[in-house]
Amino acid sequence: AKTETAIWVALKSRISTLPGGLPIAWPGQTFTPPGVSPYLRVGRASASPLAQFIDNAKPHWRTGFVIVSLVQPLGQDVSVYDQIAAGIAEHFVDGTQMHYGHVCVTVPEYPHVQEGYEDNGFWTVPVSIPWRCFA
């Protein structure tokens, strides 16, 4: 696989092992929210690769974020949603390594549980998970 694909597959494999078995809305895939049941929504962002060597075709530092958002119906105290989102963050504790092919993706610092917000009767809590790799 190309480097970008290997990074995504490594991250996706780890996300797939999150405890709780909630349905996941993956980027680029059709998803029908499960009515009034909770689910996870995944987004991603990356920075431009940073060359470390003068020579061409050498490895680059690659960095980015995966955002795993907990989406739950309204009606509970914010602390309940934050507690579940904190479990997502713990699944990606700093130092977590994910592998696919020739690529090792590492979580360099603890994920950030962001402030939640209301969206069409659901409370959404994004968890930003930083990643980096040298490939």
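For the numbers below, each heavy atom of this structure counts, side chains included, while hydrogens, waters and symmetry mates do not. Nothing fancy with the numbering, it's 1 onward along the sequence.
Residues Met98 and Cys104 have side chains not in contact (no heavy-atom distance under 4.5 Å, counting atoms from C-beta outward). Side-chain contact between Pro126 and Tyr117 is present, with heavy atoms from C-beta onward closer than 4.5 Å. Side-chain contact check for Pro130 versus Thr63: every heavy-atom pair is 4.5 Å or farther apart. Side-chain contact check for Val127 versus Leu70: every heavy-atom pair is 4.5 Å or farther apart. The closest side-chain heavy-atom distance from His102 to Thr3 is below 4.5 Å. Looking at heavy atoms from C-beta onward, Phe134 lies out of side-chain contact with His60 at the 4.5 angstrom threshold. Annotation: side chain of Trp123 is not in contact with side chain of Val71 (no heavy-atom distance under 4.5 Å).
A donor-acceptor pair under 3.5 Å links the side-chain atoms of Glu118 to the main chain of Asn120, judged by distance alone. With hydrogens and angles ignored, the 3.5 Å screen pairs no side-chain donor or acceptor of Thr5 with any backbone N or O of Ala1. Distance alone, capped at 3.5 Å, is enough to place a donor-acceptor pair between the Tyr81 side chain and the Gln76 backbone.
Nearest approach of Arg62 to Ala135, heavy atoms of both residues: NE-O, 3.0 Å. Between Ser69 and Thr124, the shortest heavy-atom contact is CB-CG2, 3.9 Å.
The aromatic rings of Trp26 and Trp8 sit perpendicular, their planes meeting at an angle over 60°, well past the 30° parallel limit.
A single hydrophobic cluster is not seen to contain both Val68 and Val9; linkage of ILVMFWY side chains at heavy-atom distances under 4.5 Å, directly or through other members, places them apart.
For an aromatic pair to be called close, the ring centres must be under 6.0 Å apart, and Phe31 with Tyr39 satisfies this.
Atom CD of Glu4 sits in a crowded spot, with more than 12 heavy atoms from other residues, nucleotides or ligands closer than 6.0 Å. Within 6.0 Å of atom CD in Glu115, 12 or fewer heavy atoms from other residues, nucleotides or ligands are found, so the atom counts as exposed in its surroundings.
Side-chain contact check for Thr17 and His91: at least one donor-acceptor pair (N or O, by modelled atom type) lies under 3.5 Å.
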